[in-house]
Amino acid sequence: MAVAPADAKAEAAKMDLLEDDDEFEEFEIDQEWDDKEEGNEAVQQWEDDWDDDDVNDDFSLQLRKELEGSNAQKS
Amino acid sequence: MAAYLSMGEAHRRIGDYLSRVTNAISYSDGAALASLLSVSSAPASTPLSDALAAFPDFPRLAGDRFPHLADFLVPLLRAIHSHSIQRFADAYSSFEKASNAFLQEFRNWETPWAMEAMHTVALEIRLIAEKADRELATNGKNPDKLQAAGSFLMKVFGTLAVKGPKRIGALYVSCQLFKIYFRLGTVNLCRSVIRSIETARNFDFEDFPVKDKVTYMYYTGRLEVFNENFLVADQKLTYALMHCNPQSQSNLRRILKFLIPVKLSIGVLPKRTLLERYNLLEYADVVTALKRGDLRLLRQALDKHEDQFLKSGVYLVLEKLELKVYQRLVKKIHIIQRQKEPAKAHQIKLDVVVRALKWLEIDMDVDEVECIMACLIYKNLIKGYFAHKSKVLVLSKQDPFPKLNGKPV
């Protein structure tokens, strides 16, 4: 069944959307690799101690200035 | 243009190919057989495809010479020929016929000697189906071949995922199915496949080849992200990350692309070096926003990369981080107050929060902020209560900003 050219373009565009960069690349058919005990170093690149009480960064200093300003206005 | 090919030479080449296939079967040489079935990765012109073009009567040749395997060999040659002249929908139809015939033979072979060939068939049918659908869509027809390939692969999966020596090949096929279902957007169909794999009593998941386990954990991990089961998603994607081939940068990047939002949801941040190494800097501002309590930066980051985040399906996960950013901001206000006036630090006037948000160019009135504070308390991101009349947030004296310890909001 023939479809008007405009619809065909839309279908082609839909197929482009389905070009899936998130599709996992095929490993070689019998590929093995050195599956180390400690795994890839990427697993160690995280931090969970970031939620500290340090308010000496730029953002916090600016925030402090802003809040002090408003207090001054109030009094 | 190919040089002139004599009938005799064409005939010889086709016969030679068919002999190699049938010999591989006779001698149970799985690797040899597999290498003969890679239809879609062949260049447009090979000695074989030239011969098929020059000798149109090749179906009869195959059928006469090898009648017992004609159901497999004839459509296989048709598929190779159609593919070489870029008629992909035709190539698919023939390859599907050949694949069905191959599956019949495979079922009758007791040992799993032909597993590599079966996997090659599984991969090829998907790749040819994709080309076929692209061709159909371009011609304004309904692209239904990938879906058909999915149906065929479910048959293969059903053949493999039973107790016995062939089960080791099932995970590879499940991954081909995942790739199809994800591309078609029919991810609900993954469920029955996953159930077959994960509720097996007589087979240990660890016995599957590592490349298949990694791929499997990537896809099932992504499904857990869609379903917002962040703790399980973390386990699966971390497994994939840990065991992935370290040379495979692009696959490592894919895993991280989904693992990072999951980690953020459970309060773990990626180091900047990780984002740089794998070119995932679209997350950099999100991380900074969380560290600072900078709601404006989070919204900017989501806005800037909206298309990217929507396409991979992580936008909603990242958007939900807003509450954590609010928590961090209120915490900072509390610490700043504590440095000035420790006695009164556990009371935070709503006006102060409004003021801080205004500074971040976020226009909210006191009622809206009260709503957010109520939310934070409800979700246990803030311990305390809200004094409605005086519009003051009263923090608990002990641990007012509990760490969720890996539990998502």
Side-chain angles (χ1 to χ4, degrees), chain A residues 1-36 38-55 57-71 74, chain B residues 34 116 119-120 123 133-134 137-141 143 175 179 182-183 209-211 214-215 218-219 222 238 241-248 250-252 254 256-257 263 267-271 273-274 277-278 290-294 312 328 331-333 335-337 339 352 355-356 359 401 403:
Chain A
M1 183 184 75
V3 172
D7 293 303
K9 255 204 196 141
E11 276 301 319
K14 212 201 286 179
M15 287 308 293
D16 277 338
L17 266 184
L18 298 176
E19 279 326 306
D20 193 2
D21 300 321
D22 294 334
E23 186 174 281
F24 224 54
E25 225 167 70
E26 287 282 328
F27 294 116
E28 292 300 310
I29 200 88
D30 59 354
Q31 191 172 25
E32 287 167 2
W33 50 81
D34 188 16
D35 194 10
K36 293 195 289 271
E38 67 274 13
N40 283 314
E41 45 91 25
V43 294
Q44 287 146 17
Q45 300 277 319
W46 309 92
E47 43 191 14
D48 61 356
D49 55 356
W50 52 276
D51 195 3
D52 53 26
D53 287 4
D54 179 15
V55 288
D57 56 291
D58 282 342
F59 179 83
S60 304
L61 293 172
Q62 284 170 35
L63 174 61
R64 179 205 302 269
K65 220 183 278 174
E66 181 65 28
L67 298 181
E68 282 174 359
S70 89
N71 284 342
K74 282 205 169 139
Chain B
E116 200 179 314
H119 285 177
T120 301
L123 174 62
D133 276 359
R134 228 169 278 140
T138 310
N139 296 331
K141 302 209 187 86
C175 294
K179 290 186 179 186
F182 270 72
R183 195 177 271 261
V210 63
K211 68 175 182 67
V214 168
T215 310
Y218 169 74
Y219 280 103
R222 279 180 66 185
T238 299
L241 185 68
M242 245 216 288
H243 299 284
C244 183
N245 182 357
Q247 309 289 340
S248 184
S250 61
N251 277 344
L252 285 166
R254 287 182 183 100
L256 283 166
K257 196 167 157 190
K263 289 285 196 193
V268 176
L269 303 187
K271 293 187 179 155
T273 46
L274 183 67
R277 170 109 193 266
Y278 291 97
L290 268 169
K291 272 193 186 160
R292 283 184 190 166
D294 189 344
S312 52
R328 186 89 175 121
K331 182 172 177 177
K332 286 214 166 163
I333 293 173
I335 295 167
I336 288 170
Q337 279 187 192
Q339 286 179 346
V352 176
R355 173 100 197 144
W359 169 63
F401 301 97
K403 288 234 170 80

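Worth saying up front: this structure is predicted, and the values here are computed from it rather than measured. In the text below, chain A, chain B and the rest are named by the order of the sequence lines, each starting its count at 1.
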Are the side chains of L63(A) and R292(B) in touch, meaning some heavy atoms are under 4.5 Å apart?
no

Between R222(B), Q337(B), Q247(B), the one whose heavy-atom pairs under 4.5 Å with chain A are most numerous
R222(B)

Interface moiety of R328(B) toward chain A, non-hydrogen atoms closer than 4.5 Å
side chain

Side-chain donor-acceptor pair present, Q45(A), R277(B), cut-off under 3.5 Å
no

Heavy atoms only: give me the nearest V268(B)-W46(A) pair and the separation to one decimal.
CG1-CB, 3.6 Å

Interface residue of largest heavy-atom contact number with chain B, from D48(A), D49(A), D52(A), under 4.5 Å:
D52(A)

Q339(B), part contacting chain A, at a heavy-atom distance under 4.5 Å
side chain

Contact class of S312(B) relative to chain A, heavy atoms under 4.5 angstrom:
both

Okay, K263(B) and chain A: the region with an atom under 4.5 Å from a heavy atom over there is side chain

Quick one: sort the F182(B) and Y219(B) rings into parallel, tilted or perpendicular, breaks at 30° and 60°.
perpendicular

Are more than 12 heavy atoms, taken from residues, nucleotides or ligands other than D58(A), located less than 6.0 Å from that residue's CG atom?
no

Given C244(B), G293(B), S248(B), the one with more heavy-atom pairs under 4.5 angstrom with chain A than any other is C244(B)

Among the options C175(B), A34(B), P209(B), P246(B), pick out the one with the most heavy-atom pairs lying under 4.5 Å from chain A.
P246(B)

Which atoms of K257(B) are under 4.5 Å from chain A, going by heavy atoms: the side chain, the backbone, both sets, or neither?
side chain

Quick one: of L123(B), T120(B), T215(B), who has the most non-hydrogen atom pairs under 4.5 Å with chain A?
T215(B)

Going through the checks in order, is the side chain to side chain contact (heavy atoms under 4.5 Å, CB included) test met by K291(B) and F59(A)?
CA-CA 10 Å; K291(B) 272 193 186 160; F59(A) 179 83; over 6 Å; no

Salt-bridge contact E47(A)-K271(B) (side-chain N to carboxylate O under 4.0 Å):
no

Positive for salt bridge (Lys or Arg N to Asp or Glu O under 4.0 Å) with K332(B), one of D54(A), D51(A), D57(A)
D57(A)

For the candidates L274(B), T273(B), N245(B), which exhibits the highest count of non-hydrogen atom pairs separated by less than 4.5 Å from chain A?
N245(B)

